[in-house]
Structures are given as structure tokens and as C-alpha cells.
Amino acid sequence: MALDFSAIEAKWRKAWYEAKVNESVPVPGKKKFFMIFAYPGVTGYLHVGHMRGYTFSDAVVRYKMMTGHQVLFPVGTHATGNGAITFARRVERGDPVAVDVLRANGVPEETIAKLKDPMEVVKFLNDVFINDYWKRFGFMSDWRRFTCTIYPDYSKFIEWQMRKLMSEGLLIQKPYFAPACLEHGPVAIDASETDISKGGNAEVLEYTVLKFDLEDGRKLVAATLRPETVFGLTNFWVNPEVEYVDAQVDGEIWVVSREAAEKLALQKDKVLVKGSADGASLMAKRCRAPYTGKMIPIFPSVLCDPNVGTGLVMSVPSDAPVDWIGLVELRKDTAQRERYGITDQMMDEAAPIPIIDTPGWGSLPAIEITERMGIDSLADPKLEEATKEIYKTGFHKGVMNEICGGFAGQPVERAKDAMRDEMLSSGQADLFYDLSEEVLCRCGGKVLVKKIPDQWFIDYASPTLTERAKEHALTMKILPREYYENMQAVLEWYRERACVRLGNWLGTRFPFDQKWIIEAIADSTLYPAYYIVSRYANEGLVRPDGMTEEFFDFVMLGKGNSEAVATSTGVPRETLDAIRSEFEYWHPLDINLGGKEHMTVHFPVFLMNHVAILRPEHWPRGIIVNWYITATGGKISKSKGGAQPIPDAAERFGVDAMRLFYAHIASLYVDVPWDDEKVEGYRDRLERLWSQVQELLEVRADEESGIDAWLAARMQTRLFTLHRYMDTYDLRSYVNDVYFEMPRDFKWYLRRYGKNKSVVSKALETWIALMAPVTPHIAEEMWQLSGREQFVSTYQIQPGSVDEHIIIEEAKERLIERLMADVAEIVKVTGLEPKRTVVMVAPKWKQEMLAMALSDPKGKPDVPALIKGAISTVESPAAKKEVPAYAKDVSTEVMKASAEDRQMLGALIDEMSVLSAAKGFLESELGCAVEIFAADDPGRADPKGKARLAKPGRPAIYLE
RNA sequence: GCAGGGGUAGCCAAGCCCGGUCAACGGCGCAAGGCUUAGGACCUUGUCCAGAAGUGGUUCCGCGGUUCGAAUCCGCGCCCCUGCACCA
């Protein structure tokens, strides 16, 4: 009987939302729990992987709700930036990929037509996220509080946030070099390629440009990442095939490639191209190197790429494999040399000069590595690897050698910056920024690095802010543990961050200068606080124009009084007071959950903005990071499943099966591939549990059974450990016990002839309730099936306690289980089919000795003392002989035991009566007669002398 | 480069912070038996090696160390992975 999961889900989500159990209401005096997950950006559809973190959050929130908390679990979306614009553009030009995806998701043509408008895209995707994802998954979210970063009221909040940062002195202005499209302004370079169409892996490199004087006063300008190597300069490379220009920069004439001049113009105040410069005419001339003043010859090289750096290269053959091979090739290329008049003597002058001592390398590593790797041509692709290798080891381990003047003996790592700074201040060098690979804007135009002279930053480098944030982070619950420790380093490492951008983006205008739009990360740091206000905005109780500085100062910081604020804003006083008291009730935020990509971006700024703006008692209490659901190759793909739209997956597998999959497949802190079959496996498990609940509801008897006390006890220990798991948000362990261990408890109960209706009913109530946080729909259905009213979702789960009585009940059953396992083991090894099983219970003196050993305060029982104690009480000579061996045995057993084991070992039970009571059960399970004796009963049957093996908790066994 | 993470039985994956409860949770796969043979089923048991007695042996990337005792702590080595700023 397959369950109709879809129907069950629809039924319960409707019921919950109609009954408004999802709406968050402060109840003064009652505990609260406030959790969010980092809201997603509305750049397109989400996939099944995204639901992992959201579902985890919902399960935690539901659990909190069922354990005595009022919960606040609001959701929103992030629309700042150009994601929605890009989306709309694609629809507008009929991009088949974009349009097909929409059609595949069942979007009608008239709706698609509307999506040419970015605002419509935001609206549309907001609806998709809320209805098709979050509501579909049954989230306990207060939908009245939904907000989006481009709502006018949200903007008011962001303006206020920026004003607070400004008054705290945390907004600063300085030049910035940002990747930008000439057409569209600054763009983000990242692998997901939100803003760009090519080059997502490029980075902005900071080159030192070194100026080499020509005789005529012009300067050849080379861009390098290794300014410290000027001591090893032997020659200069110019590409005779390339067109260079004379560019006037800061009153000097620089010779650079035409492309470089264009780039320079974006970064320097005044760059004037005066005319073209012929590369060939420079050949065999000399130029003066910066810093050392050495005159070096100019040689031809086809490797000077006009698009890279300045299009000119300085040559350091000692440490740059490319330069060395260039020289080798040039020496052989007599035709080229004759053409440009390069003599043998000039070649000899360009012999490599050792400048860096690197452990593991000789004095000329470039030569060494090219020989080792067998590189003898500039065409060899291995050159790049060789360069990287030398650069890496040289940079980290190298030391400048004795010819390096004032830098001799300095590690390269330090010398590099020191030399750059020295040459910069003497005017022999300059800085130049370039991208490591070609980047193209969405529009197809080139992305180049552009200087923005008046860029605004949030000063996350501020020492006081950093210190306060670090200190506070130490008091937070940050999971996983590794990230808790890492957070200190991340906060320390965080620098100023650009917080506004130019161009046509969605977002809030910068209140201090309207030409800027507040950037996407800056407007998403303090927003948990805004969910307190959003409800009032959504319901029209506060309008954006009432959201003044005084308004937010009052509701979030408690500044001023509601009467005055009501007068100045026009917002009714009672509304102001209500918001203010909600703010106080729900804050601080208990958990912010987000994907691992937030670890070095969002979480630190989230923290620092709270610290900078809100009062300390309102700073967030916890962060949980989740890893991803992936497919082989890293991204969700069609082949492994998972590419289907979320509603389709929900239809196919069932929401609860997906929720169970997310919660159990692995710890939150590892990546896991999506796998259709696994999800099906979880769905099957839910169906089995459903059948088991039905079966348990068949239990009807009124009379007690011997196993009743055990089931009740077991429920208590389960509750106890389950709550302990949830204290650390260890949902996986929780799920493992509830869905995989607890079913066995019930099975064992029935197997042991348990049949008491009220006992089962009580245990079942607990069990179904424990399922509700993770698989709420099926849990509600079970709840209803078992004749219960109300929602299981609002039921309060008991805390669970473990006392001595409970331990004894558990120990009794453990005796039976161990006995059966031992018999099974013996049967397996011997191949016997027992006709009779003789069970011999350990004598009293062994129990006493065990108790004595357990009572040892150091946990290291004293064997001689144990022997002495037993000898006096034991009477039979045969038993006396056993004493020393058993004493040793008991001692090691006690030493090895954990605290829980000791409790169990120490539980004093009357084994004889426990086994006698279970005799019928054992006979039926073992399929033979069972006889129970005391091991020291002379009347027992023990032809094989097994009786002496009897230990407390593990009786001796004889089979025949 | 900066800041971090990881290597566990056929596969996935717990455990590692707080050493003994660990031959090592759980799932998947596989095997045997049962139940049924409408069903991607379900139930029980087993699944490192050895064993006619409940046991012993060998394991948690490799090598060393600390300890009565190490998958867990320390050192070295090999291999793999993640995030990194106007992308949320």
C-alpha cells in the first residue's frame, strides 16, 4: 500500500498555514528561538541541493518549537546586483537556454513575456521560492515577514545601516582598482559568472612597473611580479613585431604597447599617446636598469604579448626559465641576431647572474629546472610549470644573496615588498593592475581594471571593530567546530571592503552620494533584524516614508521614546512600541545558517555589522555552516538526477523523503552527491515506518506484559540522548536514532510478547512526535491515524530522564539479548542444533566482587584486595580456585569500562528471576528447552564444565 | 598566494575536539533463511581472517613517537579537497 505522499503533504501544509501555527508571536516570559538561513539571490531557479540547508533549518526550528520555544524563522530573498537584470535580458533576447528552462518549469507564455522586466523577474522568482520551495517543504516560517532587498522599506533600513556605519567612522573613501566593463561599469569576477561571460577565474594582479631609461630620455616600462630580481637583470625584451607607443604619463614618456597604454589610461590620471614607437629600432640598443643603474642590452623576443602587462619584459635568466630559454634560442638564431646587430659579446654580457639562494636549488635555478624538465624551446608548454615552481620555492624559501646590496641576506618574501616600496618612492617604479586572463562582460565588451578614485569602503580592518567581533565570536556557537576556530583568523584577515558600486544595478542608493548603489554584500549583513519590522511594513502599518533615522534608532537601538518618534514619523505610537518590544523579545538571533561559500565573505561581515551597530545584548549567538549536495563533477547534473526542478523532485520522491535524505545521508559538514536511489531508499523507509505504526496500533490488550517497563524505560533513555544530540544541532545522530534505532525498540517489544495498549500508545506518541521535526507531514498523518487531535507539530516533547530504575530495566533486557547472541554465536561455530540449552547464572560472590571492583575510586581495582575479599566469603573449594582468575578478569573489565558501562555493570539485577520470567520467550526463540540454574547449584547439568565461565550479566551456557 | 579541511572496511559515511564503551553508528550493496510469490517489496541473520563453544588474530593513508592502552594525541611523509571580497 503505497502512500500518497503528495496528498498528505498538501493536506497538512494547508492545515498548518490555515491554523497559523507558523506565525511567530512573542509570548512574554516564554523562551524564544530565532533562526534564519542566508537568503538566496533571485538569479534563477534553485536546485535540490539548495534545499539541504533550508530543510536543516526548518527541522531545527520545528524541534525548538516542540521543546518549549516560541520560534521566529523568517525568510527573504536577495535581489541586489544585476542577476535579475541579466535574467530579464536573456528572456528579452529569447535566449533558448533561459526560455526553455522557464517552459520546462511550466511557466505560461504570457508570464514569460512579462519577464523582460527585471522587477517582474524578482516578483516571479520570489513567488517561486516561497510557494514552490519553502511552503512546498512545509516550512514553519512566518510568511507575513517575507522581505526582499529591493523593497522600498528594506532600502530605508539599508540607508539607516549606512548612516550608522558612517557615524561610527566605519565608512572610508580611497582609490580602488576594480574590474570594470567600459560600458557597464564595475563587474564581479567569479566562477559563477553572474556579471561576465568569460574569465570567471581571472584575478586582479598587482604588477610593479619598472622604468628603464633610454638614451633619448624615454622610458621602457616593464611590468613584473618580481621586483626583487632587478639585481639579476641581464637584458631587456622587446617584440619587434609589436606596435608600441610613446605615452605621456605623469610628465614622463613611457614606451608601452598600445593595449597597455589603453589600460594605463584607466588607471592613471592623464595618459596621452604621443605617437607610435618602433620596437625594431630599439634592438641592440641599451637601457639603464632601475635601482642598480646597470646598462643592459635590448633583445628581440616574440614572447612579449602586447596584452599582458606593458607588452615589454625585463629579463632575469637566473630565476626566470622563460628568459633563460629566450637567451638560449637567441644565441642559436644567427639570422635574427645579424638582422638586429646582436654580437656574441652582447650575448656573453647577458650571462645569468645568481641573486637568490634557495635551499634545494643551485644558484641558477632557472637553468637547473629547464635542464631537469628537458625544456629547450619557448614553445614548450612545460615552461609555465617550471616558472611557477621556481617562483613558489624562491618566494617562500629563498634568501637574497651577497650581491644584492642592502637586501643581502633578506628572505625574498620580505625583500620583494621592501624593494618595490623603495623604487616606488624614488620614482623608478609604479604600480599597474591587470587581470590574469581575458575577461569579457555580459555585453561582450572587454573587462579591464579601472581606477575608481573616490570609492567608499566599510572599514572592516578597524582594529577596535575586529577585536570586539573576535571576542564576541568566542562566545558564540559556531559550527562546525573547525570554523569556530577559523573565525578568529578570518576576522583578523578581513580588510576594508568596497560597499558601493557604480552602474545600473538593482539596490539601494547610497545616502551620502546618490551616484552609488549599495553593493550586494554590504546590504545583506544586518538584515535578520529587519524581519522584525518587515511584517509591519508588509501589513501597511508602517510606510517607507515613516522609516526615518529616528524610527530605526528607536526600534532597534532603543533611542528616544515612542511619543517623540511617533510625532516625527507619523507612525502610531502603539505600532512603534509593538515593534520595539518584538525586537527586544526575539533578539538576539540564535542561529544564522548558510553554505560554506559564506565562510570568508558573508559571515564575518554579518558579525561585524552587528557588532558595529547593534547593542551587545543583541549580537548574534550562533552560526552554522552547511556543505553542499553535489553530483559527480561538483555540480548538480542530469545524469545523476537532481537537475529536475524542486517541485518535480518533491512530486517524485515526496518532501519528507527528501527531508530525511538531507538530514541523514551525511553530516552537514561534508559534501554529498545527490542520488535518486538513495532518496527512494528513504521514501521506502518512511513507508515501512508507516506500516509499523499501523501494526503498533493493533496492540489492544489491557493487561500488563513483562516487557512494558522496559519499553517505557527505553523511551526515556532515547529522549535523553536525542535532546543531547540536538544541543549541538547534531541532526544526523538524532535522525539515526529516531528512524533507524527506535523502530527496533518497538520490534523488540512485540517480539518479547509486549501487548499493552496504553504502554504502546504512550511510547508511540513520543516516537511520532520525535519524527515531526524532520518528516512533519507523515508524522502528522501518523498522529491523526493514532487518533490524536491537534497537531503533532505543536506537541511538546518531554525532556527524558535516566535514573537507576531505568538503568535496571535496560540491564535486564541486555541480559536476555546477550544470552541470545552468545547462544547464536556458539551455534554458528559448532554447527549444533541444540535440543536443550542450560543457562547457569553467576554465583553471588562474583556479583559482589564486581561491585567491589566498581567501587574502586581510582577506577583501577586492586586485584589482591579483591581476592582477599572473596576468599573469605566463598565456601566451596572449587569456587575458591576460581577466585584469583576471576579477580584479574573483573579488574581489567572494570578498567576498560566507560562511565555508562559502569552504570550498566553496576545495575544489580536478580538474573535468576529475570531469566526465569523470560524462559518461555527463550525456548521459543531458541527452539529448544531452556533450563536455568545457578552456576553453583550442584544439581545443574554441566558435563563440559562451563559453569565456571558464568559472569554477572553473562551466564554460562551449555548446549546439547 | 591567504585562510582552512580531509584520507575509516565492497561503496557512501559516523566516530577523532573529551584515548579505553571500537571489528569500529547507520545506509547502500552482497549472502543465507523466512514470508510471500500483484508489486522499486518486507522480516530475521550474516557480511576482515580463523574457529565444533560464547573466542583469538589482524585492521581505521604510510612511517615514527607519547601511553598500561590510539582510528582518536604529537612529529614527519605521500595523496586529495574547500573558500577567498563589489558573487550571495
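All of these numbers come straight from a predicted model, not from anything done at the bench. Naming: A, B, ... by sequence-line order, numbering from 1 per chain.
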A.B. asks: Expressed in angstrom and rounded to an integer, what is the separation of A:R744 atom CZ from B:rC43 atom P?
C.D. replies: 11 Å
A.B. asks: Assign A:E680 to base, sugar-phosphate, or nothing according to its heavy-atom contacts below 4.0 angstrom with the strands shown.
C.D. replies: nothing
A.B. asks: Is a side-chain donor-acceptor pair under 3.5 Å present for A:H78 with A:T149?
C.D. replies: no
A.B. asks: Pick the C1' atom in B:rU36 and in B:rU44, then give their distance to the nearest Å.
C.D. replies: 15 Å
A.B. asks: Could you tell me which residues satisfy side chain to side chain donor-acceptor pair (under 3.5 Å) with A:R52, sequence neighbours excluded, listed by chain and number?
C.D. replies: none
A.B. asks: Could you please name the partner base of B:rG1, counting Watson-Crick and G-U wobble pairs only when both distances are under 3.5 Å?
C.D. replies: B:rC84
A.B. asks: Measure from CG on A:L750 to P on B:rC43 and round the result to the nearest Å.
C.D. replies: 13 Å
A.B. asks: Which pairs with one or both residues in residues 477-495 of chain A pass salt bridge (Lys or Arg N to Asp or Glu O under 4.0 Å), sequence neighbours excluded?
C.D. replies: A:K470-A:E492
A.B. asks: Go nucleotide by nucleotide along RNA chain B from the 5' end; which of A:T600 and A:D684 gets its closest nucleotide reached first?
C.D. replies: A:D684
A.B. asks: Please name the nucleotide paired to B:rG51 by Watson-Crick or G-U wobble geometry with both distances under 3.5 Å, or report none.
C.D. replies: none
A.B. asks: For nucleotides B:rG65 and B:rU82, find the distance between their C1' atoms and express it as a whole number of Å.
C.D. replies: 31 Å
A.B. asks: To the nearest Å, how far apart are A:E597 CD and B:rA85 P?
C.D. replies: 12 Å
A.B. asks: What is the distance, rounded to the nearest whole Å, between atom CZ of A:R718 and atom C1' of B:rC25?
C.D. replies: 11 Å
A.B. asks: Between B:rG4 and A:K596, is there an OP1 or OP2 to side-chain N/O distance shorter than 4.0 Å?
C.D. replies: no
A.B. asks: Indicate yes or no for a side-chain donor-acceptor contact from A:N82 to the backbone of A:I85 under 3.5 Å, with no hydrogens or angles considered.
C.D. replies: no
A.B. asks: Show which side-chain atoms of residues 816-826 of chain A pair as donor or acceptor with protein atoms under 3.5 Å away, not counting sequence neighbours.
C.D. replies:
| from | atom 1 | to | atom 2 | distance (Å) |
| --- | --- | --- | --- | --- |
| A:R818 | NH2 | A:D822 | OD1 | 3.3 |
| A:D822 | OD1 | A:R954 | NH2 | 2.7 |
| A:D822 | OD2 | A:R954 | NE | 3.2 |
| A:D822 | OD2 | A:R954 | NH2 | 2.8 |

A.B. asks: Can you tell me how far C1' in B:rG69 sits from the matching atom in B:rG10, rounded to whole Å?
C.D. replies: 31 Å
A.B. asks: Which residues pass the ring-ring contact (aromatic ring centres under 6.0 Å, His included) test with A:F740, sequence neighbours left out?
C.D. replies: A:H664
A.B. asks: Measure the distance from CH2 on A:W627 to P on B:rC81 and round it to the nearest whole Å.
C.D. replies: 17 Å
A.B. asks: Only counting residues at least two apart or in another chain, list the ones meeting ring-ring contact (aromatic ring centres under 6.0 Å, His included) with A:F603.
C.D. replies: A:H598
A.B. asks: I need the CH2-C1' distance between A:W748 and B:rU45, as an integer number of Å.
C.D. replies: 14 Å
A.B. asks: B:rG56 and B:rU66: how far apart are their C1' atoms, nearest whole angstrom?
C.D. replies: 28 Å
A.B. asks: Tell which nucleotide pairs with B:rC11, taking only Watson-Crick or G-U wobble pairs whose two distances are both under 3.5 angstrom.
C.D. replies: B:rG27
A.B. asks: Identify which nucleotide among B:rA85, B:rC43, B:rC84 has an atom closest to any side-chain atom of A:K747, counting heavy atoms from C-beta outward.
C.D. replies: B:rC43
A.B. asks: Quick one: list whatever passes ring-ring contact (aromatic ring centres under 6.0 Å, His included) with A:Y433, sequence neighbours left out.
C.D. replies: A:F177
A.B. asks: Nearest whole angstrom, please: distance from the P of B:rG1 to the CZ of A:R226.
C.D. replies: 13 Å
A.B. asks: Does one side chain, of A:S462 or A:D459, offer a donor that lies under 3.5 Å from an acceptor on the other?
C.D. replies: no
A.B. asks: Hydrogens and angles aside, do A:T224 and A:Y207 bring a side-chain donor and acceptor to less than 3.5 Å of each other?
C.D. replies: no
A.B. asks: What I want to check is whether an N or O donor and acceptor connect the side chain of A:R688 with the base of B:rC42 at under 3.5 Å.
C.D. replies: no
A.B. asks: Go ahead and name the base partner of B:rC22; Watson-Crick or wobble counts if both distances stay under 3.5 Å, otherwise write none.
C.D. replies: none
A.B. asks: From C-beta outward on A:A489, which listed nucleotide comes closest to its side chain: B:rC42, B:rA3, B:rA85?
C.D. replies: B:rA3
A.B. asks: For A:R683, report the nucleic acid contact type (base, sugar-phosphate, nothing); a contact means any heavy atom under 4.0 Å.
C.D. replies: base
A.B. asks: Contact class for A:E485 vs. all strands (heavy atom < 4.0 Å): base, sugar-phosphate, or nothing?
C.D. replies: nothing
A.B. asks: Which nucleotide, in any strand shown, forms a Watson-Crick or G-U wobble pair with B:rU44, with both distances under 3.5 Å?
C.D. replies: B:rA32
A.B. asks: What does A:N486 touch in the nucleic acid at a heavy-atom separation under 4.0 angstrom: a base, only the sugar-phosphate, or nothing?
C.D. replies: sugar-phosphate
A.B. asks: With heavy atoms under 4.0 Å as the rule, sort A:Y739 into base, sugar-phosphate or nothing.
C.D. replies: nothing
A.B. asks: Would you mind pulling out the nucleotide paired to B:rC17, Watson-Crick or G-U wobble, both distances under 3.5 Å?
C.D. replies: none
A.B. asks: Would you kindly give the CE-to-C1' distance between A:M820 and B:rU45, to the nearest whole Å?
C.D. replies: 11 Å
A.B. asks: A:H78 near the nucleic acid: base, sugar-phosphate alone, or nothing, with a heavy-atom cut-off under 4.0 Å?
C.D. replies: sugar-phosphate
A.B. asks: Quote, to the nearest angstrom, the C1' distance that separates B:rC11 from B:rC17.
C.D. replies: 28 Å
A.B. asks: Using the C1' atom in both, what is the distance from B:rG75 to B:rG20, to the nearest Å?
C.D. replies: 24 Å
A.B. asks: Taking the nucleotide of RNA chain B with the nearest heavy atom to each, does A:R497 or A:R481 sit closer to the 5' end?
C.D. replies: A:R481
A.B. asks: Determine whether the aromatic ring centres of residues A:Y662 and A:Y54 are separated by less than 6.0 angstrom.
C.D. replies: no
A.B. asks: For nucleotides 48-55 of chain B, read 5' to 3', which letter fits each nucleotide if B means a protein heavy atom sits under 4.0 Å from the base, S means only the sugar-phosphate is that close, and - means neither?
C.D. replies: ---BBBBB
A.B. asks: Please confirm whether the ring centroid of A:Y725 lies under 6.0 Å from the ring centroid of A:Y734.
C.D. replies: no
A.B. asks: Does the structure show a Watson-Crick or G-U wobble partner for B:rG62, both distances under 3.5 Å? Name it, or say none.
C.D. replies: B:rC76
A.B. asks: My understanding is that only residues two or more places apart in sequence, or in another chain, count here; which of them pass salt bridge (Lys or Arg N to Asp or Glu O under 4.0 Å) with A:D684?
C.D. replies: none
A.B. asks: Say we look at B:rU47 and B:rG27: how far apart would their P atoms be, to the nearest angstrom?
C.D. replies: 14 Å
A.B. asks: Restricting to nitrogen or oxygen on both sides, can you table the protein-nucleotides 7-13 of chain B pairs closer than 3.5 Å?
C.D. replies:
| from | atom 1 | to | atom 2 | distance (Å) |
| --- | --- | --- | --- | --- |
| B:rA13 | O2' | A:R732 | NH2 | 3.4 |

A.B. asks: When the P atoms of B:rA70 and B:rA23 are compared, how many Å lie between them, rounded to an integer?
C.D. replies: 12 Å
